[in-house]
Amino acid sequence: MSENEKNSKNFIEEIIDEDLKTGKYSTVHTRFPPEPNGYLHIGHAKSICLNFGLAEKYNGKCNLRFDDTNPSKEEEEYVNSIIEDIKWLGFDWQERLFFTSDYFDQLYEYALILIKKGKAYVDSLTYEEIKEYRGKPIEPGKESPFRNRSIEENLDLFERMKNGEFAEGDYVLRAKIDMSSPNMNLRDPIMYRIKHETHHRTGNKWCIYPMYDWAHGQSDSIEGISHSICTLEFENHRPLYNWFLDELGIHHPRQIEFARLNLNYTIMSKRKLLELVEGKYVNGWDDPRMPTLSGMRRRGYTPESIRNFADKVGVAKRDSISDVALLEFSLREDLNKRAERRLAVLRPLKIVISNYPENKVEYLDAVNNPENEKAGKRKIPFSRELYIEQGDFQEEPHKKFYRLAPGREVRLRFAYIIKCEEVVKNSEGIIEKLICSYDPDTKSGSGTSNKKVKGTIHWVSAEHSVNAEVRLYDRLFTVENPAGDKEKDFKEFLNPKSLEILNNCKLEPELSEAKIGQYFQFERTGYFVLDSKDSKKDNLVFNRTVSLRDTWAKISRK
RNA sequence: UGCCGGGUCGUCUAAUGGCAGGACAGCGGCCUUUGACGCCGUAUGUAGAGGUUCGAGUCCUCUCCCGGCAGCCA
């Protein structure tokens, strides 16, 4: 990390520094406040890393709070998946797991205070009338005829709303602010609406539920939050956030907005993601192609790589679309250090070493991880019949191709240098196998030969190999900003080749012992993990997390 | 076009009136029993026009462009 990165602070840290300096707040206390109505995605991860990261950095605290004010959309299932995802990312809220619904009683009391101050009233306008009276951004709204009910009447009506005497839509509680404000959020915003629904935590205790604006700031206040960090679309809500707190005269956190994460070649909207799931364009929320944390976990992303990525994209107020290449860089950077190497042939081509004895088997040393000596070595079997990658042989080699070709030599990783003597084809002209010879003096590590070859390729012993299915993933969309087209639906940009299933892969025997959660590098091809859902002991399924950087692919394209 | 916010390399992000820097991506090279990793090098940017100043990405004025706001969603 450069001096620059170490010392430079983002704008939120500068605000916090200032607040600490002036004594506005004495400690940093943040919160991550998801609504339990869907699965977390990489965009949420940025917010999680920001909030928990700030708390860590300033030696403060970060709460987890479920913003569950709308029983029609929220479910227990989501609470559990969100908790699992945040834990997986490696953050800890200790005993500070809260729900906005924990504060429903307090919120009700606060509402009473505002009614008594003449700052809130019960409105009887219909849904449509409220919309009409609110006006438009460019023209002022008008006041409800019920705006000046007496405090007593408001108190009575509000209590009866709470007691379930009215139907949904009959009444709402509104803050009395300014119907002509240029900020729409200040045109007498609704604080409570009637919903005769069962809440996932409070059951049927309530039939009035607070709106986001009424619940959020007060919940922050109750929890003693210092800095309430949210995304840009809440910027226009800040005056209202402040208004409620000022009228109530309670602890006043500072709301700060930042730009949400966007990534190219994918989408971040919950609604659109849901559309992909429900339309079966993907196989569930945890499809490895999804930008959900559950999908990324299943794909083989490490939590560290996501946290590093969140650090690298930074925090600012301008709308932006980050390059998925940076995410993949963070992934490879982490995996390179930790993933054990294995040999695996994805698209097998049989070779026979004609001068190698029929029944001989040698167990050769293979380094588990050149980046980490402690990872040690393992033995891999070598025999007369092997598989190599189809792409590592060219009958008429490209001018810069330095792998196997007729009459050419190449090194087999950890083994011998071999030479292609003969290409055997079937009646249709398809290559069936290669007959090769090996040079016994070139055994890996023996030092008995000075022979150098330009290429080294991976292989597995045919007899000892393990079969597996391997799933290769490509980006889900073919364009950088699939949601950015005003004419076309984002689904028109789905990449038809986002999933490729290979059924005849040959793995070195060690991989039959692979465990879910282990990260592997299949040498020269990429990083892989066992699929946590579909892999079985006798039917191995691996997911390719990400390919290795492939300079050869670039050269060969030219 | 009412209010709010925002425009710095291709992308993301620094600069706090004083050498426009970093990372990723790109390109060129070195190294290599992974065409990986690593290392070295290299090109590319302050939306525009005025002004203040010894000096402006930063301050002022105007223009242009982008985003958000009219749920009893969050």
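In the text below, chain A, chain B and the rest are named by the order of the sequence lines, each starting its count at 1.
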A.B. asks: Within the sub-3.5 Å range, which N or O atoms of nucleotides 40-45 of chain B have a protein N or O partner, and how far apart are they?
C.D. replies:
none

A.B. asks: Sticking with atom P, work out how far B:rG2 lies from B:rG45, rounded to a whole angstrom.
C.D. replies: 36 Å
A.B. asks: Could you tell me whether the phosphate oxygens of B:rG2, OP1 or OP2, come under 4.0 Å of any side-chain nitrogen or oxygen in A:K136?
C.D. replies: no
A.B. asks: So what does A:F234 touch, heavy atoms closer than 4.0 Å: a base, only the sugar-phosphate, or nothing?
C.D. replies: base
A.B. asks: Show the atom names and distances, to 0.1 Å, of all donor-acceptor pairs under 3.5 Å that link a side chain in residues 315-325 of chain A to residues at least two apart or in another chain.
C.D. replies:
{"unit_1": "A:K317", "atom_1": "NZ", "unit_2": "A:E235", "atom_2": "OE2", "d": "2.8"}
{"unit_1": "A:D323", "atom_1": "OD1", "unit_2": "A:N264", "atom_2": "ND2", "d": "3.4"}
{"unit_1": "A:D323", "atom_1": "OD1", "unit_2": "A:A325", "atom_2": "N", "d": "2.9"}

A.B. asks: Do the side chain of A:T30 and the main chain of A:N51 share a donor and acceptor less than 3.5 angstrom apart?
C.D. replies: yes
A.B. asks: Quick one about A:Y416 and A:D441 (side-chain donor to acceptor, distance below 3.5 Å, no hydrogens or angles considered), yes or no?
C.D. replies: no
A.B. asks: Among B:rG10, B:rG2, B:rA70, find the nucleotide with the atom closest to the side chain of A:M184.
C.D. replies: B:rA70
A.B. asks: Please pick, from B:rU34, B:rC37, B:rC12, the nucleotide with the shortest atom-to-atom distance to any side-chain atom of A:R413.
C.D. replies: B:rU34
A.B. asks: Base, sugar-phosphate, or nothing: which does A:Y212 touch, judged by heavy atoms less than 4.0 Å apart?
C.D. replies: base
A.B. asks: Select base, sugar-phosphate, or nothing to describe what A:G141 touches, counting heavy atoms under 4.0 Å on all strands.
C.D. replies: nothing
A.B. asks: In Å, rounded to the nearest 0.5 Å, how long is the span from NZ of A:K162 to CG of A:L173?
C.D. replies: 13.0 Å
A.B. asks: Measure all distances between protein nitrogen or oxygen atoms and nitrogen or oxygen atoms of nucleotides 6-8 of chain B, and list the pairs falling under 3.5 Å.
C.D. replies:
{"unit_1": "B:rU8", "atom_1": "OP2", "unit_2": "A:R318", "atom_2": "NH1", "d": "2.7"}
{"unit_1": "B:rU8", "atom_1": "O4", "unit_2": "A:R318", "atom_2": "NH2", "d": "3.4"}

A.B. asks: Could you tell me whether A:I138 contacts a base, only the sugar-phosphate backbone, or nothing, with contacts defined as non-hydrogen atoms closer than 4.0 Å?
C.D. replies: base
A.B. asks: Can you find a side chain N or O atom of A:S8 that sits less than 4.0 Å from OP1 or OP2 on B:rA15?
C.D. replies: no
A.B. asks: May I ask you to say what A:K73 touches in the nucleic acid, namely base, sugar-phosphate or nothing, with a heavy-atom cut-off under 4.0 Å?
C.D. replies: base
A.B. asks: Suppose we define a pair by two distances each less than 3.5 Å, Watson-Crick or G-U wobble; what does B:rC62 pair with here?
C.D. replies: B:rG48
A.B. asks: So A:R549, base contact, sugar-phosphate only, or nothing? Heavy-atom distance under 4.0 Å.
C.D. replies: sugar-phosphate
A.B. asks: Look at the side chain of A:P182 and decide which nucleotide, out of B:rC73, B:rC3, B:rA23, has an atom nearest to it.
C.D. replies: B:rC3
A.B. asks: So does A:Y402 reach the base of B:rG35 with its side chain, donor to acceptor, closer than 3.5 Å?
C.D. replies: yes
A.B. asks: Just call it for A:L232: base, sugar-phosphate, or nothing, with non-hydrogen atoms closer than 4.0 Å on any strand.
C.D. replies: nothing
A.B. asks: Among B:rG68, B:rA70, B:rA36, find the nucleotide with the atom closest to the side chain of A:N236.
C.D. replies: B:rG68
A.B. asks: Among the nucleotides B:rG2, B:rA25, B:rC73, which one has an atom lying closest to any side-chain atom of A:F329?
C.D. replies: B:rA25
A.B. asks: Calculate, to the nearest 0.5 Å, the distance between atoms CZ and CZ belonging to A:R378 and A:R341 respectively.
C.D. replies: 10.0 Å
A.B. asks: To the side chain of A:Y127, which of B:rC12, B:rC72, B:rU32 is closest?
C.D. replies: B:rC72
A.B. asks: Closest approach to the side chain of A:F401, judged atom by atom: which nucleotide of B:rG10, B:rC12, B:rG35 is it?
C.D. replies: B:rG35
A.B. asks: With respect to the side chain of A:K195, which nucleotide from B:rA36, B:rU33, B:rC73 is positioned closest?
C.D. replies: B:rC73
A.B. asks: For A:V172, report the nucleic acid contact type (base, sugar-phosphate, nothing); a contact means any heavy atom under 4.0 Å.
C.D. replies: base
A.B. asks: With a non-hydrogen cut-off below 4.0 angstrom, is A:K400 in contact with a base, only sugar-phosphate, or nothing?
C.D. replies: base
A.B. asks: At 4.0 Å (heavy atoms only), tell me whether A:P370 reaches a base, stays on the sugar-phosphate, or touches nothing.
C.D. replies: base
A.B. asks: Can you tell me the pairing partner of B:rG41 across any strand shown, Watson-Crick or G-U wobble, with both distances under 3.5 angstrom?
C.D. replies: B:rC27
A.B. asks: Who does B:rC72 pair with, Watson-Crick or G-U, both distances under 3.5 Å?
C.D. replies: none
A.B. asks: Verify the contact: side-chain N or O of A:R524 to OP1 or OP2 of B:rU33, cut-off strictly under 4.0 Å; return yes or no.
C.D. replies: no
A.B. asks: Partner of B:rG67 by Watson-Crick or G-U wobble geometry, both contacts under 3.5 Å, or none?
C.D. replies: B:rC4
A.B. asks: Are any of A:R193's side-chain N or O atoms less than 4.0 Å away from OP1 or OP2 of B:rC73?
C.D. replies: yes
A.B. asks: Of all the choices, B:rA74, B:rC27, B:rG71, which nucleotide is nearest to the side chain of A:K554 once you look at every atom?
C.D. replies: B:rC27
A.B. asks: Base, sugar-phosphate, or nothing for A:S181, non-hydrogen atoms under 4.0 angstrom?
C.D. replies: nothing
A.B. asks: Using a heavy-atom cut-off of 4.0 Å across all strands, would you classify A:Y527 as base, sugar-phosphate, or nothing?
C.D. replies: nothing
